[in-house]
Trainee: 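Sharing a structure here in structure tokens format.
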Amino acid sequence: MPAAELTVPIPRPAENDHVKPGRKVSGKRGRGPLSGRRVLVLGGTHPEASAARSRVVELGGAAAVNLSASVTDVMTPPGADRDRRLRRIVALEFPLRDADWLSAPIPDTPAEAAGRSSAAHVLPRGGVVDLPVTVDGSRWSITASWGQQTSCEVDVVAFTLDGDEQVSCDEDFIFYSAPESPDGAVRLSTDGPTEQSVALDLAVLPAAARKAVVAAAIDGAATFGEVGAIEISVARGSSASPVAQATLDAATTERTLLLGEFYRRGASWRFRAVGQGYDHGLNTLAGGYGVGIEA
């Protein structure tokens, strides 16, 4: 059957829920007592865990979603003993912190701080960071990861948009069945059931492209409130240390979630951590950007 464009528009998110449009909301780097630390929160209700992760970011740290070698501290509020990862965490001797720790965390000593790698910008929801310009600075990647206990399937997708926030053609929609744009500027890769990445070569994008939006969607009745926090990180290429990272966990009933966007700012590019969700599915999200959906 011929393709027919959906006419249902998607709401366009503001620059930031708490900031007037047009104002840049920068991330934090090198400030706060938790600067350079990645904190994993175990247990607690979703609102409690979300509040703890927000407090970590306020204190200059990064909120981790999964246990990895980069985690520096583990918070164990009531209910943490039900998390099956706790036994491994204890065996590996990660520092355990109780709920009161965030009230008065002890900053690293100069020696400890020097031993940590250069911290990435930690972005709040709506936070923006300028992408540094280097000789090979056009190649970037954004990686999204979520809890390993997630039972539903999450799909990461990308859209290349013009000044009207519309695709120029259906091939500007990158998803699981079409994982690479014809010009090779945008490419989707899956790194297991709980991590997916989008690689972009900003220099290859056509001049009319003003923005590249990366989103996630759930197929079926599950919601992002059930998935929990999603961690995103932005890096040069595919293997460098992150330049920016954010943890997005404000979703409740949403089935699609805008994770982040790369957008032109004069001759340079910026990245924004969005975190805006919608209750509708992927077809409606894509149709709002002008992607032709078969009737």
Side-chain angles (χ1 to χ4, degrees), residues 1-17 21-22 125-126 128 131 138 140-142 144 153-190 196-220 223-224 230 232 234 248 251 253-266 268-295:
M1 297 181 67
E5 285 193 359
L6 294 181
T7 58
V8 181
I10 62 169
R12 294 185 181 177
E15 291 277 294
N16 185 269
D17 286 350
R125 184 169 178 253
V128 174
L131 299 182
S138 67
W140 292 87
S141 66
I142 173 173
E153 291 189 5
V154 179
D155 293 309
V156 173
V157 300
F159 303 88
T160 301
L161 306 176
D162 60 19
D164 295 322
E165 299 211 358
Q166 296 288 292
V167 297
S168 298
C169 60
D170 286 353
E171 286 71 26
D172 286 340
F173 173 35
I174 305 303
F175 63 114
Y176 47 86
S177 293
E180 186 169 357
S181 60
D183 57 9
V186 186
R187 177 172 47 83
L188 171 68
S189 62
T190 301
Q196 296 178 30
S197 302
V198 174
L200 305 97
D201 191 336
L202 302 178
V204 177
L205 289 175
R210 309 304 300 173
K211 181 183 292 186
V213 173
V214 178
I218 298 174
D219 186 22
T223 67
F224 278 103
I230 292 186
I232 59 174
V234 176
L248 310 173
T253 62
E254 296 85 349
R255 294 171 53 223
T256 54
L257 183 67
L258 302 184
L259 302 177
E261 58 186 22
F262 296 81
Y263 65 98
R264 294 185 192 267
R265 180 74 170 183
S268 61
W269 286 83
R270 284 178 171 177
F271 174 79
R272 177 185 290 113
V274 181
Q276 175 70 51
Y278 304 98
D279 290 347
H280 55 57
L282 179 57
N283 279 5
T284 304
L285 180 72
Y289 285 132
V291 176
I293 305 296
E294 291 188 359

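Heavy-atom basis, side chains included; hydrogens, waters and symmetry copies ignored.
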Trainee: Is the closest side-chain heavy-atom distance between Leu282 and Asp219 below 4.5 Å?
Mentor: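 When only atoms from C-beta onward are counted, Asp219 and Leu282 do not touch, as no gap falls below 4.5 Å.
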Trainee: Any idea which heavy atoms bring Phe175 and Leu188 closest together, and the distance?
Mentor: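 Closest approach of Phe175 to Leu188, heavy atoms only: C-CD2, 3.7 Å.
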Trainee: Going from OG on Ser138 to CG on Leu202, what distance comes out if it is rounded to the nearest 0.5 angstrom?
Mentor: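 One finds 6.5 Å between OG of Ser138 and CG of Leu202.
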Trainee: Taking atom CD as the centre, does Glu180 end up with more than 12 heavy-atom neighbours from other residues, nucleotides or ligands that are less than 6.0 angstrom away?
Mentor: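 Above 12, so yes.
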Trainee: For Tyr263 and Arg210, test the side chains for any donor-to-acceptor distance below 3.5 angstrom and give the result as yes or no.
Mentor: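 The criterion, which ignores hydrogens and geometry beyond distance, is not satisfied for Arg210 and Tyr263.
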Trainee: Going through the distances and angles, do Leu258 and Leu285 end up as a side-chain contact (heavy atoms from CB on, under 4.5 Å)?
Mentor: CA-CA 10 Å; Leu258 302 184; Leu285 180 72; 4.0 Å; yes
Trainee: Check whether Asp164 reaches the backbone of Gln166 with its side chain - one donor and one acceptor, N or O, closer than 3.5 Å.
Mentor: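 Judged by distance alone, no pair lies under 3.5 Å.
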Trainee: Please verify the inter-ring angle class for Phe159 with Tyr289; under 30° counts as parallel, over 60° as perpendicular, anything in between as tilted.
Mentor: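 Judged by the thresholds at 30° and 60°, the geometry between Phe159 and Tyr289 is tilted.
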Trainee: What do you reckon, is CZ of Arg264 surrounded by more than 12 foreign heavy atoms closer than 6.0 Å?
Mentor: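 Check passes, neighbour count above 12.
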Trainee: Please round to the nearest 0.5 Å and tell me the distance separating atom CZ of Phe262 and atom CG of Leu131.
Mentor: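 The CG atom of Leu131 is 6.5 Å from CZ of Phe262, to the nearest 0.5 Å.
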Trainee: Short question: side chain of Thr256, backbone of His280 - any donor-acceptor pair under 3.5 Å?
Mentor: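 Here the side-chain-to-backbone pair exists.
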Trainee: For Val274 and Arg125, which heavy atoms make the closest approach, and how far apart are they?
Mentor: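 Smallest heavy-atom distance, with atoms named: O-CG, 3.1 Å.
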Trainee: Working to the nearest 0.5 Å, report the span between OG of Ser181 and CD1 of Ile174.
Mentor: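 Between atom OG of Ser181 and atom CD1 of Ile174 there are 5.0 Å.
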Trainee: Would Val213 and Glu261 count as a side-chain contact (heavy atoms from CB on, under 4.5 Å) if you check the C-alpha gap in whole Å, the side-chain angles of each, and the deciding distance to 0.1 Å?
Mentor: CA-CA 4 Å; Val213 173; Glu261 58 186 22; 4.0 Å; yes
Trainee: For Val214 and Val198, work out which heavy atoms get closest and say how close.
Mentor: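 So the minimum-distance heavy-atom pair works out to CG1-CG2, 4.1 Å.
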Trainee: Output the distance between atom CD1 (Ile232) and atom CG (Leu248), rounded to the nearest 0.5 Å.
Mentor: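 Result: 4.5 Å between the selected atoms.
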Trainee: Do Ile142 and Phe271 come close enough that some side-chain heavy atom pair is under 4.5 Å?
Mentor: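 Sidechains of Phe271 and Ile142: in contact.
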Trainee: Mind listing the closest non-hydrogen atom pair of Gln196 and Val154 along with its distance?
Mentor: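 That closest heavy-atom pairing would be NE2-O, 2.7 Å.
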Trainee: Test Asp279 against Thr253 for side-chain hydrogen bond (donor to acceptor under 3.5 Å, both in side chains), laying out the working first.
Mentor: CA-CA 6 Å; Asp279 290 347; Thr253 62; 2.8 Å; yes
Trainee: Taking all atoms of both residues into account, what is the closest heavy-atom pair of Ala209 and Trp269, and its distance?
Mentor: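 Ala209 and Trp269 have their closest heavy atoms at O-CH2, 4.3 Å.
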Trainee: For Ala144 and Val156, which heavy atoms make the closest approach, and how far apart are they?
Mentor: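 Heavy atoms only, the tightest pair is CB-CG2, 4.2 Å.
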Trainee: Let me confirm one number: the CD-CG distance from Gln276 to Leu257, rounded to the nearest 0.5 Å.
Mentor: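 Between atom CD of Gln276 and atom CG of Leu257 there are 8.5 Å.
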Trainee: What is the distance from atom CG of Leu200 to atom OG1 of Thr160, rounded to the nearest 0.5 Å?
Mentor: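 Nearest 0.5 Å value for the CG-OG1 distance: 7.5 Å.
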